[in-house]
Amino acid sequence: MDSNGVDEQEMKLVQGAAGYVLEDVPHLSDYILDLPTYPNPLQSNPAYSVVRQYFVDEDDTVPQKIVVHKDSPRGTHFRRAGPRQKVYFKPADVRACIVTCGGLCPGLNTVIREIVCGLHYMYGVTEVLGVNCGFSGFYSKNTVTLTPKDVSDIHKRGGTMLGTSRGGHDTSKIVDNIQDREINQVYIIGGDGTQKGASAIYKEIRRRGLKVAVAGIPKTIDNDIPVIDKSFGFDTAVEEAQRAINAAHVEATSVENGIGLVKLMGRYSGFIAMYATLASRDVDCCLIPESPFYLEGKGGLYEFIAKRLRENGHMVIVVAEGAGQDLVAESIEQQDASGNKLLKDVGLWMSLKIKEHFAKQRKMDITLKYIGTFCPLPNFNSSYLRFLKYECDWVHVSDPTYMIRAIPANASDNVYSTLLAQSAVHGAMAGYTGFISGLVNGRHTYIPFNRITEKQNKVVITDRMWARMLSSTNQPSFMNPPNGATEGAN
Ligand SMILES: Nc1ncnc2c1ncn2[C@@H]1O[C@H](COP(=O)(O)OP(=O)(O)OP(=O)(O)O)[C@@H](O)[C@H]1O
Ligand SMILES: O=P(O)(O)OC[C@H]1O[C@](O)(CO)[C@@H](O)[C@@H]1O
Ligand SMILES: [Mg+2]
């Protein structure tokens, strides 16, 4: 530990001239001495051998910030991803495994496919195992063997062929299993929680002094992982969200004073809602977790709805599932198996509140269609108060917002997922460990786990992108709530 209590194993900083800092990733040779190296088999691969400068120079790094001032320090850099001249594994000795954890995301199957095919076709590795159903699968399930034939067309299907889960991370049981099965490369695909789990596995492997490379491939439909440009599957999700927004728009424009309300995913970060809104241009108001809003009074949502309906005769509202949670209800906070907050259905709550408000006012007859949660609760009556008393698994089960993450990746996410997977394979073969493969300023890099697990990526509402969104909808900023406007479900 250093004087700040930070584990030195987590920080591998290299200082250079003019304020240059490399936040390097660990390497197996950091804790195992005299490891043998081998020439990279790609040197004799006919597809790659003709490429000029195919191998990445050891000293190539990628800056985290590309907008700089004349006199500013060069700042943080990450190691550039890609194949190295030397590898630290003999292909015949490699026994790799792949696991997927957390929620679904378009592109998961593509990443699995490309790890299997990359290891096989680029490095001649034939032993690849799939771990079923997330971290707990290491100690509670049998593995499956994965060959290029087994994965040949999985990228055309949504979901993950390996299955996934939340919870069940038991570091020592997992590492015991890695040791028992003689696995020496572990590929872990998942979101922020998964990468924290991957980091714990890496540390335990290092503590035991094992020659096992641990590589993460960050997956998050919510785009909530910091440092990287964006996560795979995000574009596909935003594209699919257009279908929900279009449906809401058609419903809203087909009646007098029609309101289409769409709930999209985004537990803590509102990127999907913001980008889907910007892409569509049919949205009049976008609500995200990072930007609190209120309903009543001057500058509130009700006032804005009335104004938009008077002007246009219809409107579309997009709400991210994590928005307005403080308003929805004071009730005991619940968590899922991984410790993530279980949310109240803000979309259903809003639709009931809006309908109730305009019915009470008797100035405007509105028709509201909610594209979010189908509500099959027996004996459900229209009182939101009654609804909010139910803690409802069924809401999640029947939620059409899941449409945006259960689909296969679009073409560009397929290419992106392919490159992330190949970078992870090159990194592990080159002996790097404790890293994720991620895109930084358009370049593939290796980033140490601690850099992406220390905080979540969120929409910054003082940044230009949110301002662009606000100017596209002309919605209120909700910055100045009048006294008493933070009304909840009372
Ligand atoms: N702090 C942690 N330490 C170790 N393991 C963790 C930690 N947080 C989460 N995990 C494990 O990681 C796995 C996935 O976590 P989680 O359910 O939060 O999904 P996620 O990876 O964040 O993906 P999503 O973006 O879908 O939420 C679970 O098996 C969970 O037990
Ligand atoms: O119902 P599940 O599978 O726990 O997933 C829900 C969560 O997964 C996410 O999509 C993140 O993957 C969140 O937006 C959402 O709240
Ligand atoms: Mg998460």
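- Nearest heavy-atom pair across Cys101 and Thr194 is CB-OG1, 3.3 Å.
- Taking 4.5 Å as the limit, some side-chain heavy atom of Tyr432 sits within range of a side-chain heavy atom of Arg84.
- Ser423 contributes a side-chain N or O that, together with a main-chain N or O of Leu419, makes up a donor-acceptor pair within less than 3.5 Å.
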Start with the C-alpha distance between Gln43 and Gln85, add both sets of side-chain angles, then the distance that settles side chain to side chain donor-acceptor pair (under 3.5 Å), and finish with yes or no.
CA-CA 8 Å; Gln43 283 174 7; Gln85 297 269 7; 2.8 Å; yes
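- When side chains are defined from C-beta on, Phe138 counts as touching Val186, because their heavy atoms get closer than 4.5 Å.
- Salt-bridge formation is not detected for the pair Arg405/Asp222: no Lys NZ or Arg NE/NH1/NH2 atom is positioned less than 4.0 Å from an Asp or Glu carboxylate oxygen.
- Ring pair Phe89/Tyr123: centre-to-centre distance not below 6.0 Å.
- Expressed to the nearest 0.5 Å, how far CD1 of Ile404 lies from CD1 of Ile272 amounts to 4.0 Å.
- The shortest non-hydrogen separation linking Val151 to Leu146 is CG1-CD2, 4.3 Å.
- Atom-to-atom distance recorded for Arg468:CZ and Ser472:OG is 11.0 Å, nearest 0.5 angstrom.
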For side chain to side chain donor-acceptor pair (under 3.5 Å), just list the numbers for Thr160 and Thr100, CA-CA rounded to whole Å, side-chain angles, deciding distance to a tenth of an Å, and then say yes or no.
CA-CA 7 Å; Thr160 156; Thr100 51; 2.9 Å; yes
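- The minimum heavy-atom distance linking Gly158 with Asn109 is given by the pair O-ND2, 3.3 Å.
- In this structure, Cys97 and Thr143 have side chains that are not in contact, with every pair of non-hydrogen atoms separated by 4.5 Å or more.
- Just one residue in the list Phe449, Tyr187, Tyr446, Phe78 forms a ring-ring contact (aromatic ring centres under 6.0 Å, His included) with Phe435, and that residue is Tyr446.
- Residues Asn223 and Ser269 have side chains not in contact (no heavy-atom distance under 4.5 Å, counting atoms from C-beta outward).
- Considering CZ of Arg464 and CG of Leu470, their distance stands at 14.5 Å, rounded to 0.5 Å.
- For the pairing with Ile447, the side chain to side chain contact (heavy atoms under 4.5 Å, CB included) check across Val25, Val62, Ile436, Asp24 returns one residue only, Ile436.
- A donor-acceptor contact shorter than 3.5 Å is absent between the side chain of Glu23 and the backbone of Thr76.
- Counting heavy atoms from C-beta outward, Thr61 and Arg80 have side chains that stay 4.5 Å or more apart.
- Not a single donor-acceptor pair under 3.5 Å links the side chain of Asn40 to the backbone N or O of Val87.
- Between Arg166 and Ser338, the shortest heavy-atom contact is CB-OG, 3.1 Å.
- Ion pair Lys263/Asp345 flagged as a salt bridge, since at least one NZ, NE, NH1 or NH2 atom sits closer than 4.0 Å to an Asp/Glu carboxylate oxygen.
- In the model, Ser417 has no side-chain atom that pairs as donor or acceptor with a side-chain atom of Asn414 under 3.5 Å.
- A donor-acceptor pair under 3.5 Å links the side-chain atoms of Thr236 to the main chain of Asn410, judged by distance alone.
- Smallest separation of non-hydrogen atoms from Asn441 and Gln64: ND2-O, 2.9 Å.
- The side-chain heavy atoms of Thr147 and His120, taken from C-beta on, include no pair separated by under 4.5 Å.
- The two residues Tyr416 and Ser231 have their closest heavy-atom pair at CE2-C, 3.7 Å.
- With contacts defined as side-chain heavy-atom distances shorter than 4.5 Å, the pair Val175/Leu210 qualifies.
- In this structure, His169 contributes its side chain and Gly197 its backbone to a donor-acceptor pair below 3.5 Å.
- Screening residues 26-39 for side-chain hydrogen bond (donor to acceptor under 3.5 Å, both in side chains), with sequence neighbours left out, gives Lys12-Asp30, His27-Ser29.
- Here Arg267 does not pair with Asp224 in a salt bridge; the nearest charged N to carboxylate O distance is not below 4.0 Å.
- Atom-to-atom distance recorded for Asp192:CG and Asn457:CG is 10.5 Å, nearest 0.5 angstrom.
- Contact annotation: the side chain of Leu129 approaches that of Ile183 to within less than 4.5 Å [non-hydrogen atoms, C-beta and beyond].
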